[in-house]
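Notes follow the structure.
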Amino acid sequence: MNKKLTYILIFSLLIILIVVMVKKYKILEKYNPNKIYYFDNNATTFVYEKSILDEITKWINCGNPSNNLHIVGKLAHGKIEECREFIANDLQVDSDDILFTGSATEANNIIIQGIVGKYLKQHPTEIYTIITTNFEHPSVLNIFKHYQEVGSNRIDVKIVNICTDPSNPYYGSISPVDVENSIKYAEHKVILLSVMYANNETGAIQNIAEIGKITKKNNVFFHSDVTQAIGKFIIHPKELNVDSITFSGHKFHAPKGIGVLYMKQKCDIEKLCYGGEQEKSYRAGTENVAFIVALTMAIKCVHTNRVEKTKELYKLRNYIKKELSNINIDVIEPKYGVTPNTLLIIVKGIDTCNKSFAIELSNKYNVCLGISSACQTAEHKSHVLEAMKLDEVNKDKVIRISMSDYTTMGECKYLVDCFKKLVEKHRKND
Ligand code: PLP
């Protein structure tokens, strides 16, 4: 009798353990025709947390934070300042140095055009050099291109290329030595360097702290767009030796249309947009209280247990990488490091281009993912793949898989299965 009871007990414990494991790791994910398998989180993420959605609803109807005289205005003002304080603490900077914007694009424009504008105004006869890289997001690169086109007599634009030599430890990223040389050999006083922390297409990480030491030594203002890094790593601008950073809420499960600019105290930049005194007049216009609250809650959520979550993401990335390598799919692997959620692959041996492949994955299997560049046309070339100097034959076979903290192992297994089926079909029939 006692023996029987022990067996029953052990059996029940085993069942409980299996249920817990399945629930935790969602190992037995089955195809669900109504489910979307979303692997395009570098493009945008979704607001999943109910508490965040509830707060958005609560704050969508609030007073004007600038009308501080009455109770509803005061409430809105107080809430924004509470959020500013929280974000400042998260970044370990002064809350006076945090500005809310409508997007990372806007924040990049405010800081880059603000620095250039300040120098042009203060010293009307000087010529200055500004430096960036050839794989920045268009919200940075196109500002520099704009100066190349219209500011050529006063602004000299230098572009540092990423390393394309596979034997270089910075292959796929920016080498600090190249940055140092670009400053050293610049024809004019260098007033600004802008280098992104992590690339949105390849996930390549830069050695920002090292580059920051170089800009400090040379007295150059250093800006870094950390939009693709902040939900995956804890960022402390002072440790990174940067003077400003920018990011956007919709990359870490806050809504689209809210961004942040941190700029070191007393930056004293030229204003881009004239209007009211909101955000110290650098971003005039009534603040979006509901989305500021949502961004703050999302950053709190995404940075809780960040180290463990990042480890989990690397595990999922390694799993997909290994499984896809088994079917002869190449991975573009920058050497200095990559974000844990991003995997850029080349689907070799098929005639179908990445765009058609991605559409088929979506239509047939509900799998959503990104492509670096659509089937190669003159208008749709990815400047990042150009910067990587990828073989011409491979450029329209590139697909980006990007996960989030909500991605499960079951979903990754499903993705791999779909890839295997589709690749096999195309390798047979193309
Ligand atoms: N910077 C990087 C690295 C990005 O990936 C993005 C968005 O894709 C942006 C800036 C622009 O962000 P937003 O959509 O908030 O303007």
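One-based numbering, in listed order, for ligands and for the atoms of each. Along the sequence shown, the residues carry numbers beginning at 1.
- A salt bridge links Arg400 and Asp40; the closest N-O separation between the charged side-chain nitrogens and carboxylate oxygens is under 4.0 Å.
- Using a cut-off of 4.0 Å between Lys/Arg side-chain N and Asp/Glu carboxylate O, Lys118 and Glu270 are scored as not salt-bridged.
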Short N or O separations between ligand 1 and the protein, below 3.5 Å:
from	atom 1	to	atom 2	distance (Å)
ligand 1	1 (N)	Asp225	OD1	3.4
ligand 1	1 (N)	Asp225	OD2	2.6
ligand 1	5 (O)	Gln228	NE2	2.8
ligand 1	8 (O)	His137	NE2	3.3
ligand 1	8 (O)	Lys251	NZ	2.6
ligand 1	14 (O)	His250	NE2	3.0
ligand 1	15 (O)	Ala104	N	2.9
ligand 1	15 (O)	Ser248	OG	2.5
ligand 1	16 (O)	Thr105	N	3.0
ligand 1	16 (O)	Thr105	OG1	2.5

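- Applying the salt bridge (charged side-chain N to carboxylate O under 4.0 Å, His left out) test to every pair with at least one member in residues 47-58, sequence neighbours left out, gives these pairs: Lys50-Asp54.
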**OP:** Could you check Phe46 against His253 for ring pair (Phe, Tyr, Trp, His ring centres under 6.0 Å), going step by step and ending with a plain yes or no?
**Re:** CA-CA 5 Å; Phe46 297 99; His253 307 285; 8.3 Å; no
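- By the neighbour-count criterion of 12 heavy atoms within 6.0 Å, atom CG of Asn219 is sparsely surrounded, having that number or fewer from other residues, nucleotides or ligands.
- Electrostatic pairing of Arg283 and Glu277 does not count as a salt bridge here, judged by no charged N lying under 4.0 Å from a carboxylate O.
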